[in-house]
Structure formats: structure tokens, C-alpha cells
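Right, one structure below, let's go through it.
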Amino acid sequence: LTVTLVSHRAPTPPADRSYGLRDVFSRGLKRVTLCFWIVQELLAVHLPVLHNHFAAHHIEVHMFASGWFMTIFSSLNTLPLASAARVWDMYLTHGWSAVFRLVLTLLKRIETELGLRVAAAEEGVSAGAAKKRSRVDDFSATLELLHRMPTRIVSPAATLVDEAFD
């Protein structure tokens with residue numbers, strides 16, 4: 001019986017197919033901490049306007065992205081189930097680079113959301129009207145937007161994933 005159980009145990013993934021999930025929950029959360037640093041660097045290079053907005057409001061990546069990396073977007077508070085399933089497909093196929101591509105895509109959409117307020121202010125719209133157009137004018141509103149992604153940002157799933165991999 002013991003020989004049968006040992007011989008039928010689940011195979012371990014080959015070294016080149018390790019997904020690094022063990023490090024996500026290891027002591028010190030090594031993978032998550034690394035992910036925060038990588039996103040911070042990606043923001044500075046690819047989305048400098050959003051990077052500056054976060055800096056101006058003292059928003060750090062760990063404040064909004066912990067759940068993204070610890071669940072690989074499977075928390076229903078972030079993405080609809082269809083989107084989360086597509087993300088996992090891409091993660092299992094491409095590894096962590098797929099997660100970072102999605103993070104950049106989501107943050108690019110957030111930057112666009114922030115840009116609506118900026119554009120409205122530049123067009124001479126009153127400050128009150130500009131605030132009504134966008135809820136992302138301060139620390140708490142920006143974090144709320146990052147934690148509770150509106151449907152217009154995360155849907156449809158195919159578009160979100162396609163945009164991440166263009």
C-alpha cells in the first residue's frame with residue numbers, strides 16, 4: 001500500500017516550470033516584496049505621470065497590490081471571475097511576466113482615469129465639475145479606485161488580457 005501511495009503522488013514541476021508561489025508566502029514574503037519593487041521601477045519607466053501622482057499622494061505599491069500578487073488576481077474584489085481566469089491562464093503559460101504585464105495594463109487604465117480629471121481641468125471646467133467627473137483627486141480616492149476597480153477598467157476580460165499582451 002505504501003509503495004502504491006508513493007508512486008502515485010503528484011509530480012513536482014520541473015525546475016524550469018517553477019512558478020515561484022512558495023516564495024510568495026515564505027518568511028519575509030520575498031516574492032511579494034520583489035514584486036513591489038519591480039512594479040515601482042516599471043511605473044517610473046513606463047508610467048511616469050502615474051508614478052508622480054503616487055509620489056505626490058504618498059501612495060506606495062504595497063498599499064494596493066498585495067492582494068494582486070498574493071492571489072494572482074483571484075480575489076473577486078479586484079477582477080471579475082472571467083478576467084481572473086484569463087490572468088491565471090496567462091500566468092500558467094508565461095509565468096510572472098504575465099502578471100507584470102497585466103499590472104502595467106491596469107495601472108495604465110488607472111492613469112487614463114486620472115487623466116480625465118486633469119484634461120477636464122485643462123479644458124477650463126470648474127474644479128467642482130472636474131471633481132464630479134473623477135473620484136481620483138486625493139489619497140483615499142486613488143486607493144479606493146485601485147482596490148475596487150470599476151467595471152470600465154477591468155472588463156471585458158478578453159480586452160484586458162489582449163491589451164496586456166499587445
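Separating the CG atom in Leu145 from the OG atom in Ser140 is a distance of 11.5 Å, to the nearest 0.5 Å. Put simply, SG on Cys35 and NZ on Lys30 are 14.0 Å apart, with the number rounded to the nearest 0.5 Å. In this structure, CZ on Phe69 lies 13.0 Å from CG on Leu29, to the nearest 0.5 angstrom. Distance check, rounded to the nearest 0.5 Å: CG of Leu107 to CG of Leu146 gives 7.0 Å. Taking CG of Leu42 as the start and CZ of Arg101 as the end, the distance is 11.5 Å to the nearest 0.5 Å. Note: Arg109 CZ to Thr159 OG1 = 7.0 Å, rounded to the nearest 0.5 Å.
Ser66 places no side-chain N or O within donor-acceptor distance of the main-chain N or O of Met63, the cut-off being under 3.5 Å. Distance alone, capped at 3.5 Å, is enough to place a donor-acceptor pair between the Trp88 side chain and the Ile72 backbone.
Val99 has its side chain within reach of Phe73: a pair of non-hydrogen atoms, C-beta onward, lies under 4.5 Å apart. Using a 4.5 Å cut-off on side-chain heavy atoms (C-beta onward), Phe54 and Leu47 make no contact. Two residues are said to be in side-chain contact when any heavy atoms from C-beta on lie closer than 4.5 Å; His51 and Gln40 meet this criterion. Counting only heavy atoms from C-beta outward, the side chains of Thr112 and Ile153 never approach each other to under 4.5 Å. Side-chain contact check for Arg31 versus Phe25: every heavy-atom pair is 4.5 Å or farther apart.
Side-chain atoms of Glu111 and His53 include no donor-acceptor pair closer than 3.5 Å.
Between Phe100 and Tyr91, the gap from one ring centroid to the other reaches at least 6.0 Å.
For Trp37, there are no ring-ring contact (aromatic ring centres under 6.0 Å, His included) partners at least two apart in sequence or on another chain.
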